[in-house]
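Below is one structure, written out as structure tokens; the observations come after it.
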Amino acid sequence: MGSLKETQPANGVKRKRDEGKVQPSPLQQKRLKLLATRKLLPIWSHQKEIRDALKENDVLVLSGETGSGKSTQIPQFILSQPWCTGKIAVTQPRRVAAISLARRVAEEMGTPLGSSSPASKVGYSVRFDESTSPSTRIKFLTEGMLLQEMLRDATLGQYSCIVVDEVHERSVNVDLILGFLRGLLASKRKKPIKVVVMSATADIQGISWFFAAPSPSVENVENFTGNANGHTIGTEETPVKSPISAEERQISICHVEGRQYPVKLDYLASPTEDIMEAALHRIFQIHCKEPMPGDMLVFMTGQETIQGLQKLVEEYAQGLTADYPKILVLPLFAALPQAAQQRIFQPAPPNTRKVILSTNIAETSVTVPGVRFVVDTGKVKVKQFRNRLGLDSLLVKQISKSSADQRKGRAGREGPGQCYRLYTQEAYQTLERDTIPEILRCDLSEAILKMKARGTDDVLGFPFLTPPPREGMERALLQLLQLGALEDTGRISEVGRKISRLPLTPSLGRVIIEAAKPEMDCLLETIDIVACLSVENIFLNIDTEEAREQAQTARQQLLRRQGDHLTLLAAVRAYAAEHSDRRRWADDHLISHRAMQSVMDVRKQLIAQCIQSKLLDKAPGNDRSRATEDRATDEATQERILKCFLRGFSNNIARLCPDGSYKTFVGNQTVTIHPSSVLFGRKVEAILYNEFVFTNKAYARGASAVQIRWLEEIFG
DNA sequence: GAGCACTGC
């Protein structure tokens with residue numbers, strides 16, 4: 001097993017004299033106890049192989065299935081290596097994962113966590129929460145955080161190694177990180193950076209080729225002309241101006257087995273038309289045949305189908321005789337209040353089987369304990385951006401094979417399980433191998449602005465793992481140009497640089513910039529609205545008639561007839577002015593308290609960032625609420641606020657036509673005001689909207705009334 | 001008169 005440093009006492013060991021014996025500190029006791037379990041992980045025996053691989057080559061691509069221990073062990077294997085003099089970054093797609101991994105690794109190393117002690121070696125960094133110390137060596141962070149760091153320091157100078165985890169999820173951010181890292185590997189850096197790319201799927205060929213291929217575009221990718229401060233990066237860090245070599249880079253590859261229990265598969269014999277009926281049938285078949293304990297996890301597409309099936313299952317369950325165990329149906333989707341989500345973690349009452357009806361949230365983000373049976377409908381709701389129309393469509397689609405296999409795996413985490421697929425084996429064979437990466441499905445303007453901000457001028461030449469269609473890139477470039485985020489030459493402008501550092505889409509970022517102009521003078525109001533538009537819907541969905549009435553009266557004083565933007569402003573102001581019991585206020589108004597808390601977090605962050613980039617002089621005082629409340633009801637201010645939104649959303653304007661429908665200025669598409677809007681059913685000369693989404697129809701969501709006269713003033 | 005999957009700075 002080679003020379004392991006793990007048995008030596010780490011720094012910070014406290015020795016206590018106790019009857020002449022040396023007692024390890026509690027941290028060390030815990031470390032030694034955990035060492036025994038670490039040695040049982042499948043990855044432990046690959047330790048030497050992994051260290052040798054990184055000694056030899058700068059890139060290691062590692063595939064390790066669930067339970068291999070890769071996320072916790074790899075950083076520790078690397079840390080003691082002579083080449084690793086700087087920090088190690090480990091990226092995660094989700095905040096909770098970054099924090100819990102940091103906590104675990106700190107325990108395993110016997111070091112305090114993050115900012116709790118200046119001697120701490122392990123920390124984390126996620127939005128709204130950073131916990132590091134001067135001696136942090138291993139930092140777990142979200143992909144978005146690493147990208148932000150890259151905008152400030154394009155060479156990532158403080159790191160010796162970047163570990164990119166969960167690459168198989170293929171978020172836009174991970175694709176950007178991989179592209180930037182490929183460029184960085186080809187550049188001349190003080191010390192070469194080492195990269196470990198980790199994926200849970202066995203297919204890592206594509207990623208290996210990506211890093212191995214010669215980089216003809218190196219010049220474009222690494223054509224830094226300045227870092228975030230506008231300074232030219234010193235000669236030592238200056239990337240080579242020509243491809244370093246036409247040869248392939250040597251890549252190490254390692255496969256680590258997982259630790260999963262076997263899962264038995266079952267398919268339908270013939271295809272079904274009625275997925276609800278098929279699910280209902282299968283749930284009761286499992287329930288009546290299979291012994292207890294053993295909970296069930298059913299993968300569905302969305303809130304509506306989940307609640308529909310819940311009703312059916314509960315009705316049928318009442319007809320079961322007392323010989324059978326009881327059924328407890330638990331819905332699970334992201335919009336569900338936190339407390340209701342937590343119910344899946346509580347043990348079921350005696351003689352009761354839990355049946356969890358879930359969206360894709362249970363595929364990756366939430367691990368449901370106690371599951372032995374998975375029922376997979378084979379469907380998922382996917383968002384796809386349509387470049388031609390500038391519209392998001394949200395449609396039910398077939399899942400991919402890799403998604404089907406991931407769902408199946410959810411039955412084998414605690415013991416052998418079973419997976420029932422509500423489609424035929426032939427249908428499985430026709431599924432796509434992988435889910436379409438997000439970068440091929442989204443509006444590219446944010447990604448492209450980040451690339452520009454990091455110094456990639458020729459974005460068409462950026463090394464994408466899967467290049468998005470040219471049409472989408474061109475659309476995004478055009479939009480950035482319209483926003484004034486790019487110069488006519490295509491380089492990033494000062495405005496663009498400011499926008500790129502805001503945690504917002506370019507459109508919303510542009511609105512902030514506009515509102516900060518002295519003649520607009522409505523930055524704080526605009527920040528409140530932008531904060532609402534960048535979090536989940538603050539207004540709760542209403543499903544009963546009484547709730548509707550209650551909402552109607554309670555929300556009355558918040559509604560603004562000009563539209564949704566000013567209504568959101570009124571809601572934030574009222575919530576912020578409530579000092580006694582905000583949760584109760586939110587409940588009374590049928591407003592999501594969770595959403596309002598995020599609004600307040602975002603608001604605080606945006607204010608801080610606006611001060612930093614000199615858009616705002618100083619933090620607003622505590623006494624501002626009354627004065628600004630008066631302003632917010634002032635018509636001239638309201639007009640200026642909406643004009644700021646027009647500047648960022650010039651493509652999202654529609655005018656009323658003689659037939660009573662609204663048609664977009666750009667593209668002449670018919671749009672319907674979404675029924676959740678305060679403008680629903682109203683006819684105004686023109687509307688501005690936040691989002692254009694196709695579900696059953698093309699809807700404008702987040703809409704406000706604007707005047708054609710204003711458009712002429714702004715756009716000429 | 002709809003009902004939006006899921007992350008993240």
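- Set against B:dC9, B:dT7, B:dG3, the side chain of A:His674 has B:dG3 as its closest nucleotide.
- Proximity note for A:Val693 (side chain, C-beta onward) versus B:dC9, B:dG1, B:dC4: the nearest is B:dC4.
- Between the side chain of A:Glu169 and the base of B:dC6, no donor-acceptor pair of N or O atoms lies under 3.5 Å.
- Checked against a 6.0 Å centroid threshold, the rings of A:Phe692 and A:Phe649 do not count as neighbours.
- Of the candidate nucleotides B:dC9, B:dC6, B:dC4, B:dC9 has the atom lying nearest to any side-chain atom of A:Pro503.
- Regarding A:Met150, its CE atom lies at a distance of 14 Å from the C1' atom of B:dC9, rounded to whole Å.
- Of the candidates B:dA5, B:dC4, B:dT7, B:dT7 carries the atom nearest the A:Ser365 side chain, counting heavy atoms from C-beta on.
- Between B:dA2, B:dC9, B:dT7, one nucleotide has an atom nearer to the side chain of A:Glu446 than all others, and that is B:dC9.
- Among the protein residues, A:Gln92 comes within range of no part of the nucleic acid, since none of its heavy atoms lies under 4.0 Å from any strand.
- The separation between A:Ile399 atom CD1 and B:dC6 atom P is 16 Å, rounded to whole Å.
- Residue-level contact check: A:Val126 touches the backbone only, with heavy atoms under 4.0 Å from sugar-phosphate atoms and none from bases.
- For A:Lys383, the listed nucleotide lying nearest its side chain is B:dA5; candidates were B:dG8, B:dG3, B:dA5.
- For A:Asn696 and B:dG3, the shortest distance from a side-chain N or O to OP1 or OP2 is below 4.0 Å.
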Quiz prompt | Test salt bridge (Lys or Arg N to Asp or Glu O under 4.0 Å) applied to A:Arg421 and A:Asp405, step by step | solution = CA-CA 10 Å; A:Arg421 291 180 169 160; A:Asp405 297 341; 3.1 Å; yes

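- Distance CZ (A:Phe128) to P (B:dT7): 15 Å, rounded to an integer number of Å.
- Contact between the side-chain N/O atoms of A:Thr359 and the OP1/OP2 oxygens of B:dC6 is found at a separation under 4.0 Å.
- Evaluation of the ring pair (Phe, Tyr, Trp, His ring centres under 6.0 Å) rule for A:Tyr699 yields A:His674 as partners, not counting sequence neighbours.
- Phosphate contact (OP1/OP2 of B:dA2, side-chain N/O of A:Thr672, threshold under 4.0 Å): absent.
- The side chain of A:Arg127 has B:dC9 as its nearest neighbour among B:dG1, B:dC9, B:dT7.
- Taking atom NZ of A:Lys379 as the reference point, atom P of B:dC6 lies 19 Å away to the nearest angstrom.
- More than 12 heavy atoms of other residues, nucleotides or ligands shown are found within 6.0 angstrom of CD on A:Glu536.
- As a whole-Å value, the separation of A:His168 NE2 from B:dT7 P is 15 Å.
- What separates CZ of A:Arg407 from P of B:dC6 is a distance of 12 Å, to the nearest Å.
- Within 4.0 Å of A:Leu502, counting heavy atoms only, lies at least one base atom of the nucleic acid.
- Taking atom CZ of residue A:Phe333 and atom P of nucleotide B:dT7, one finds them 13 Å apart after rounding to whole Å.
- Atom CZ in A:Arg152 sits about 13 Å away from atom P in B:dC9, given to the nearest Å.
- Both the sub-6.0 Å distance and the 45° axial angle are not jointly satisfied by A:Arg555 relative to the ring of A:Phe539.
- If you check every strand for non-hydrogen atoms under 4.0 Å, A:Ile361 touches sugar and phosphate atoms only.
- Heavy-atom distances to DNA chain B give each of A:Tyr699 and A:Glu143 a nearest nucleotide, and the one nearer the 5′ end belongs to A:Tyr699.
- Judged purely by atom type and a 3.5 angstrom limit, A:Arg433 has no side-chain atom pairing as donor or acceptor with the backbone of A:Ser402.
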